[in-house]
Amino acid sequence: MDKLVIEGGKPLSGTIVIQGAKNAALPILAASLLAEGTTTIDHVPELLDIDVMLNILRELGCRAEHSGGTVVLDTETAHTSHVPESLMRQMRSSIFLMGPLLARFGETQVYLPGGCAIGERKIDLHLEGLKALGAEIEEFGNRIICRADKLLGADIHLSFPSVGATENIMMAAALAEGRTTISNAAREPEIQDLQRFLNAMGAKIMGAGTDTITIDGVQSLTPCRYKVIPDRIVAGTIMVAAAATRGHVTLQNTQPAHLSSLIHVLRRAGVQIVVDGDIIKVGSAARPKAVERIVTSPYPAFPTDLQSQVMVLLTLADGVSVLKETIFEGRLKHVDELSRMGADIRVDMNAAFIRGVPRLYGATVEATDLRAGAALVIAGLAAQGKTVVEQIHHIDRGYEKIETMLSRLGARISRYSPVPNN
Ligand code: UD1
């Protein structure tokens, strides 16, 4: 397994262009199945999760090429709607292939993607939504078969604004007969990007970004060319890394509005942030201030995907901060690893009480999931001495060559791959 070795203590400095958003690109790739023919998607990051999605699409019979950030996807040749279990298990978000496959083929077979490091990730809202559109769903252990001769528009209320369920329903409803309304829909920017993409293919969808989305079903969609939005979580990770190392970094190709909750938190911590169009400048010279209370919640509130990274900054703050995780129950596993680096954190239920320390110290730590891994990298950059981050395949799921990106900002970070045995 690859690992990252970091010599900490050097402030980040320089300019970086932010990659396309993984969480926007994944549903957009799945949604491409709704239109037969060749769709071109630009600004698609080169990541493990994207590779898995493209492999699934190839397995379904599509032709897919990914180079220079552009995916050319021919869905004309797709001939099956059965996703193999081995591929489903590699990525949880493969579940949102259900909606497009059902809409295109009238039937799909998928598998429950299994347990997840950050806690149970149920799919009941996805299934309820598809059932409301007229699908019959049978579950055989972890195998799910979903059938619908015809999808019919419906009023669907989500008991929780699940991102994936909102996307799955939007994609299926795009080709349903009549109007679908999703209330208490997720409002994340990635939902808005999916709406823009589907509408570029000829769908009639309104309201993404609000809690009510209306989809007027159309008979067919046409392939198009589309550019994915910038990755707000990658941008946020770099912003926190700049602050934690007391550096100065300029981020290009961002959408600052997508980061307003993070910008607010960082400013409360005393970090200087200047926003100018799609550029964000982050600078910090002093020890961060503690932030009394941060609670993760659905967008536009503070994102769970930036909780672990911000926790690292708060471990170095002057005072006690409280960080509460409300989206995933198992998402505080990085606390143990940060404690090995000298952080002073107490966990009570889903809240972390963080007493800032003057410095962290390098250690050998393990990435337990994607964002926890990114947090440990930030901790390593800020710490005194050498940090080794293991299990970095998690990080490769969401960050395009993280060591190259950070080296360009002056970080002393290298990847080591094991020498294969003969
Ligand atoms: C997406 C993001 C992920 C992010 C998460 C929350 C992608 C590919 N992934 O994941 O990075 O951390 O949003 O912002 O976009 N839930 C149910 N039943 C369901 C579906 C979800 O109870 O049918 C629960 C989950 O267990 C979890 C919460 O809702 O506790 C949030 O899940 P959801 O919004 O669906 O997240 P994902 O779409 O899986």
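Indexing begins at 1, ligand by ligand and atom by atom, following the structure's order.
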Would a 4.5 Å heavy-atom cut-off, applied to side chains only, mark V110 and S94 as touching? no
Enumerated ligand 1 atoms positioned under 4.0 Å from heavy atoms of S93: 8 (C)
Would you check whether L26 has a nitrogen or oxygen atom less than 3.5 angstrom from a nitrogen or oxygen atom of ligand 1? no
Nearest heavy atoms of A343 and L360, plus distance in Å: N-CD2, 3.7 Å
State, with a plain yes or no, whether a side-chain heavy atom of M170 is found less than 4.5 Å away from one of I182. yes
Using a strict cut-off of less than 4.0 Å between a Lys/Arg side-chain nitrogen and an Asp/Glu carboxylate oxygen, indicate whether D42 and K227 qualify as a salt bridge. no
Close side-chain approach of L48 and Q90, heavy atoms under 4.5 Å: no
Under 3.5 Å between any N/O of E167 and any N/O of ligand 1: does that happen in this structure? no
Consider every N or O of D305 and every N or O of ligand 1, then say whether any pair is closer than 3.5 Å. yes
Please work out whether any backbone atom (N, CA, C, O) or any side-chain heavy atom from C-beta onward of F160 is under 4.0 Å from ligand 1, and answer side chain, backbone, both or neither. side chain
Indicate, as side chain, backbone, both or neither, the part of D124 found under 4.0 angstrom from ligand 1 when only non-hydrogen atoms are considered. both
Under 4.0 Å between heavy atoms, the region of V163 that gets near ligand 1 turns out to be both
With heavy atoms of R331 as the reference, note each atom of ligand 1 found under 4.0 Å away. 12 (O)
Within the 4.0 Å heavy-atom cut-off, what M53 brings close to ligand 1 is neither
In the structure I gave you, are the side-chain heavy atoms of I233 and Q309 within less than 4.5 Å of one another anywhere? yes
Heavy atoms from other residues, nucleotides or ligands near CZ of R408 exceed 12 (cutoff 6.0 Å): no
Looking at ligand 1, is there an atom of it that comes within less than 4.0 Å of some heavy atom belonging to H126? yes
Going by the rule side chain to side chain contact (heavy atoms under 4.5 Å, CB included), which residues pair with K131 if we only count those two or more places apart in sequence or in a different chain? I137
For D49, enumerate each residue passing the side chain to side chain contact (heavy atoms under 4.5 Å, CB included) test, keeping only those at least two apart in sequence or located in another chain. K22, L26, M91, R397
So, regarding T304 and ligand 1 (criterion: nitrogen or oxygen to nitrogen or oxygen, under 3.5 Å), is there a contact or not? no
Ligand 1 N/O within reach of G164 N/O, cut-off under 3.5 Å: yes
For S81 and E107, test the side chains for any donor-to-acceptor distance below 3.5 angstrom and give the result as yes or no. yes
Does any N or O atom in I327 lie less than 3.5 angstrom from one in ligand 1, N or O only? yes
If you measure from each non-hydrogen atom of I233 to ligand 1, which part falls under 4.0 Å: side chain, backbone, both or neither? neither
Would you mind telling me if ligand 1 is within reach of the side chain of S162, the backbone, both or neither, using heavy atoms under 4.0 Å? both
